[in-house]
Amino acid sequence: MIQITLPDNSVREYEGPVNGYEITKSLSNSLAKEVLSVSVNGEVWDLMRPINANSTVKLNTWESSEGKETFWHSSAHLMAEAIEFYYPGTKFGIGPTVDTGFYLPEGNVLTDKDLQKIEQKMLELARQKNAIVRSEISKAEALKMFAEKNDQLKLELISELEDGTISIYNQGNFTDLCRGPHLPNTEYIKAIKLTSLAGAYWRGNEKNKMLTRVYGVTFPKQKMLEEYLIMLEEAKKRDHRKIGKEMDLFAFSESVGQGLPLWLPKGTQLRLQLQDFLQKVQKKYGYEQVMTPHIGDVKLYKTSGHYEKYGKDSFQPISTPVEGESYLLKPMNCPHHCEIYKIRPKSYKDLPVRMAEFGTVYRYEMSGELHGLTRVRSFTQDDAHIFCRPDQLKDEFKKVIDIVFIIFKALSFDNWTAQISLRDPNKPDKYIGTLENWEKAEQAIIEACEEKGLETVTELGEAAFYGPKLDFMIKDALGRSWQLGTIQVDYNLPERFQLEYVGSDDQRHRPVMIHRAPFGSMERFVAVLIEHTAGKFPLWLTPEQAVVLPISEKYNDYAKKVSDFLNNSDIRTVVDERNEKIGRKIRDNELKRTPYLLIVGENEAENDTISVRRQGEGDKGAMKTSEFADFILKEVREQLSGL
RNA sequence: GCCACUUUAGCUCAGUUGGUAGAGCAGCUCAUUCGUAAUGAGCAGGUCGCGGGUUCGAGUCCCGCAAUUGGCUCCA
């Protein structure tokens, strides 16, 4: 007996052996069109593959990740077939899913114009309804087959496989090595959009040759493609680079340099507001603010170990008129903070010391890596270092997690994920510090997260070179994940800087250090905030909270009076003094995303009132200026209440 | 850094097979002084990313460089 779980989670039984296609066909014709593959005892199989009795079977449709993967995998083969039609002899790498992707070898470089051509060919091939047929051959046969094609990429893959049978798939004139699973035939693929071309290192290794990768998406229905394209358009509208330009928040200048952001007045206002907010939270949690220079003696970074990583092949050290003297633009704030710690001897009663700084750091990122505000060469970390006794570590770590959540709550970030990044045990030379300390640090993070009930994923090999960390990620408008907040445990720097405190036993002990930046960096945080809110920031953050719109120039004086009053009440207000009709002023200021539009004319000037309009919501009626001020201050207070 | 695309007025973009540049918006001036999403008219604005080359002639073709964008690798 075969037990079958339908897409709606109902369960049926079926006599075997039989294949997935026959099962769905017998259930209903409409279902037969929707099921793309089957999961047999947890393994995804082709529909046509015979299933033995005593199996549990799940039917995979487009709605399931297994079904989608099958669909896109076959799409990748279809694309390969189309590419081979135009470029015979093309060697294909692997076609990972998520979106469909393919590699081409060097020398066979495609251009955007090819994409349309290939897309058309794919549709044509799909309509031929070619069956996608699995067959199994021995490893020796497979090696022979791809040696004949002189396909080094595939030979490399095959030689790494275990002996035994190897599956290959054929559709139309195209045959390729593949584990599967695949759709029964190409007809399922109804809508195709090849989106972009990119270079990609073979097997993701920089040392290997660069192949061409084609990105695209396919769908079982034309309408789904249309919806997808609309979604992409919408996402583009939220892009922080576009909104940053529109709202005059930040800019770049070729003359200043790549990856060096210029914060415009409104962007600066926004950033200062965020900094002020975090400072207040940190004060409550016992942090003290410090300030340190943007450069430091190279020796400092040799002590810390940062010179090896950041000094040598990034921004070159700055030389001075004095022979042998050189300074480094600081890539991190920690060494400076360690030196502050050392200024005066510490007692166990002094700990924890929590030292915070909005510290601007410089890192020479590779040019191709730069991206808007999310990846730049000069950025300001909302940095702090906590120096504590080992027995305080876990507690301090948990308090930092609390701060991260205060921030996420204040900005209603609810789509975060948390990742514990540990060292890669197989690459000990990538990290500095003793194994014992690494283990202690990793344990502290894991336990703190457990005790906080935090849902996390754990990644090996993602740790910083000096210690393990807990990272918080947020997705941007286009679904790309960015790392924001980070909390790192470090036994290593205290060792290198020989940090000490005197314990109650009158002995010298080594403190533990926590590096933490809940925003990550001001640049990246603002970028993600822009995409998260589409530029409609919470009122407390908005650079211009209200704009006064005089009906005509006759009321500019009164408008000024209103704006002065509001500014004196700590409400950031400007006046739109242009000689334009009121409809025009409303439109322009709505588009600028100003939260409150205050219209003043004859009525308002006489009664000392303003006519209030909330962005996106329309007319809210008239009120006294002082009433409005109270109303706004209350709204801001509420947004920040409980924080 | 590597692969591919792109780069024309402050912004968004046109510019045919090579014959020395256009629009809308923004800006400025004038008129208008207006009641809840675009008042009208006029003016000005460009080393066509930068540097070479081919040509009688290059925004357009070729080469180099730079920056942007999408990826790879790397990372806050």
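Chain letters run A, B, ... following the sequence lines, proteins first, then strands; residues in each count from 1.
- Taking 4.5 Å as the limit, some side-chain heavy atom of Tyr362(A) sits within range of a side-chain heavy atom of His294(A).
- Both Ser367(A) and Leu591(A) lie near RNA chain B, and the one whose nearest nucleotide falls closer to the 5' end is Ser367(A).
- Within a heavy-atom distance below 4.0 Å of RNA chain B, the residues of residues 595-617 of chain A found are Ile599(A), Gly601(A), Glu602(A), Asn603(A), Glu604(A), Ser611(A), Arg613(A).
- Side-chain proximity of Ala200(A) to the nucleotides C72(B), A37(B), G1(B) is greatest for C72(B).
- Atom CD of Glu553(A) is separated from atom P of A31(B) by 11 Å (rounded to the nearest Å).
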Using the 3.5 Å cut-off, write out each protein N or O paired with an N or O of nucleotides 5-7 of chain B and the distance between them.
residue : atom : partner   : partner atom : Å
C5(B)   : O2'  : Asp112(A) : OD2          : 3.4

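- If you take CG of Leu115(A) and P of A4(B), they are 13 Å apart, rounded to a whole angstrom.
- Checking A76(B), C34(B), U36(B) against every side-chain atom of Ile551(A), the shortest atom distance belongs to C34(B).
- Atom CZ in Phe525(A) sits about 23 Å away from atom P in C75(B), given to the nearest Å.
- Under 4.0 angstrom from either OP1 or OP2 of C34(B) there lies at least one side-chain N or O belonging to Lys554(A).
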Practice item. In sequence, state the C-alpha distance, the side-chain angles, and the governing distance for Arg423(A) and Glu442(A), and then conclude on salt bridge (charged side-chain N to carboxylate O under 4.0 Å, His left out). Key: CA-CA 9 Å; Arg423(A) 73 194 185 288; Glu442(A) 294 185 347; 2.6 Å; yes
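- Pair check for G64(B) finds C50(B); Watson-Crick or G-U wobble, both atom distances under 3.5 Å.
- The distance between atom CZ of Arg578(A) and atom C1' of C28(B), rounded to the nearest whole Å, is 14 Å.
- With A76(B), A37(B), U33(B) as the choices, the nucleotide that has an atom nearest any side-chain atom of Gln381(A) turns out to be A76(B).
- Between Phe631(A) and Phe628(A), the ring planes lie tilted relative to each other; the angle falls in the 30° to 60° range.
- Of the C1' atoms belonging to G24(B) and A9(B), the separation is 12 Å, rounded to the nearest Å.
- A 4.5 Å side-chain heavy-atom check between Thr594(A) and Gln615(A) finds every atom pair outside the cut-off.
- Between Phe413(A) and His532(A), the angle of the ring planes goes over 60°, which puts this pair in the perpendicular group of the 30/60° scheme.
- The side-chain hydrogen bond (donor to acceptor under 3.5 Å, both in side chains) test with Glu357(A) is passed by exactly one of His337(A), Gln381(A), Gln289(A): His337(A).
- Look at G42(B): its Watson-Crick or wobble partner, with both distances under 3.5 angstrom, is C28(B).
- Proximity of Gln419(A) to Thr456(A): side-chain heavy atoms (C-beta onward) are nowhere separated by under 4.5 Å.
- If you check the side chains of Ser75(A) and Thr218(A), you find a donor sitting under 3.5 Å from an acceptor.
- Out of C72(B), A76(B), G70(B), the shortest distance to the side chain of Arg213(A) is found at C72(B).
- Within the 4.0 Å cut-off from OP1 or OP2 of U69(B), at least one side-chain nitrogen or oxygen of Arg241(A) is found.
- Partner assigned to A58(B) is none, using Watson-Crick or G-U wobble distances below 3.5 angstrom.
- The CD1-P distance, from Ile118(A) to A4(B), rounds to 15 Å in whole Å.
- With A76(B), G70(B), U33(B) as the choices, the nucleotide that has an atom nearest any side-chain atom of Phe379(A) turns out to be A76(B).
- Atom CG of Leu549(A) and atom C1' of A37(B) are 11 Å apart (whole Å).
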Using atom names, set out every protein N or O paired with an N or O of nucleotides 44-52 of chain B below 3.5 Å, distance rounded to 0.1 Å.
none

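- When the side-chain nitrogen and oxygen atoms of Thr486(A) are compared with OP1 and OP2 of A76(B), none of them lie within a distance under 4.0 Å.
- When distances run from any side-chain atom of Tyr201(A) to the nucleotides C34(B), C72(B), U69(B), the shortest one goes to C72(B).
- Set against A37(B), G35(B), C74(B), the side chain of Glu365(A) has C74(B) as its closest nucleotide.
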Check the interface with nucleotides 39-41 of chain B: list each N/O to N/O pair with the protein under 3.5 Å, or write none.
residue : atom : partner   : partner atom : Å
U39(B)  : OP1  : Glu580(A) : OE1          : 3.4
U39(B)  : OP1  : Arg584(A) : NH1          : 3.4

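- At least one side-chain nitrogen or oxygen of Gln258(A) sits closer than 4.0 Å to the OP1 or OP2 atom of A67(B).
- Nucleotide C2(B) forms a Watson-Crick or G-U wobble pair with G71(B), both donor-acceptor distances falling under 3.5 Å.
- Proximity of the aromatic rings of Tyr431(A) and Tyr466(A) is defined here by a centroid distance below 6.0 angstrom, and this criterion is not met.
- Nucleotide A76(B) holds its C1' atom 13 Å from the NE2 atom of His385(A), rounded to whole Å.
- Nearest to the side chain of Arg363(A), among A76(B), G1(B), G35(B), sits A76(B).
- The only option from Phe519(A), Phe277(A), Phe379(A), Phe472(A) that meets the ring-ring contact (aromatic ring centres under 6.0 Å, His included) definition with Phe525(A) turns out to be Phe519(A).
- Judged by distance alone, the side chains of His515(A) and Asp490(A) do bring a donor and an acceptor atom under 3.5 Å apart.
- Contacts classified as salt bridge (Lys or Arg N to Asp or Glu O under 4.0 Å) and involving residues 589-604 of chain A (residues at least two apart or in different chains) are given here: Glu246(A)-Arg593(A), Glu590(A)-Arg613(A).
- A sub-4.0 Å separation between OP1 or OP2 of G71(B) and a side-chain N or O of His371(A) is absent.
- The aromatic rings of Phe387(A) and His385(A) sit tilted relative to each other, their planes meeting at an angle between 30° and 60°.
- Atom-to-atom, CG of Leu211(A) to P of C3(B) comes out at 12 Å; the value is rounded to the nearest Å.
- The environment of Lys117(A) atom NZ is dense: over 12 non-hydrogen atoms of other residues, nucleotides or ligands sit within 6.0 angstrom.
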Contact list (N/O, under 3.5 angstrom) for nucleotides 10-13 of chain B vs protein:
residue : atom : partner   : partner atom : Å
U12(B)  : OP1  : Lys245(A) : NZ           : 3.1

Practice item. For the pair Lys560(A) and Glu577(A), evaluate salt bridge (charged side-chain N to carboxylate O under 4.0 Å, His left out) and give the outcome as yes or no after the intermediate values. Key: CA-CA 9 Å; Lys560(A) 269 227 169 83; Glu577(A) 288 186 296; 3.1 Å; yes
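- In this structure, the side chains of Leu260(A) and Val376(A) stay at 4.5 Å or more apart for every pair of heavy atoms.
- Remark on RNA chain B: of its neighbouring residues Asp619(A) and Gly368(A), the 5'-side contact belongs to Gly368(A), judged by nearest-heavy-atom nucleotide.
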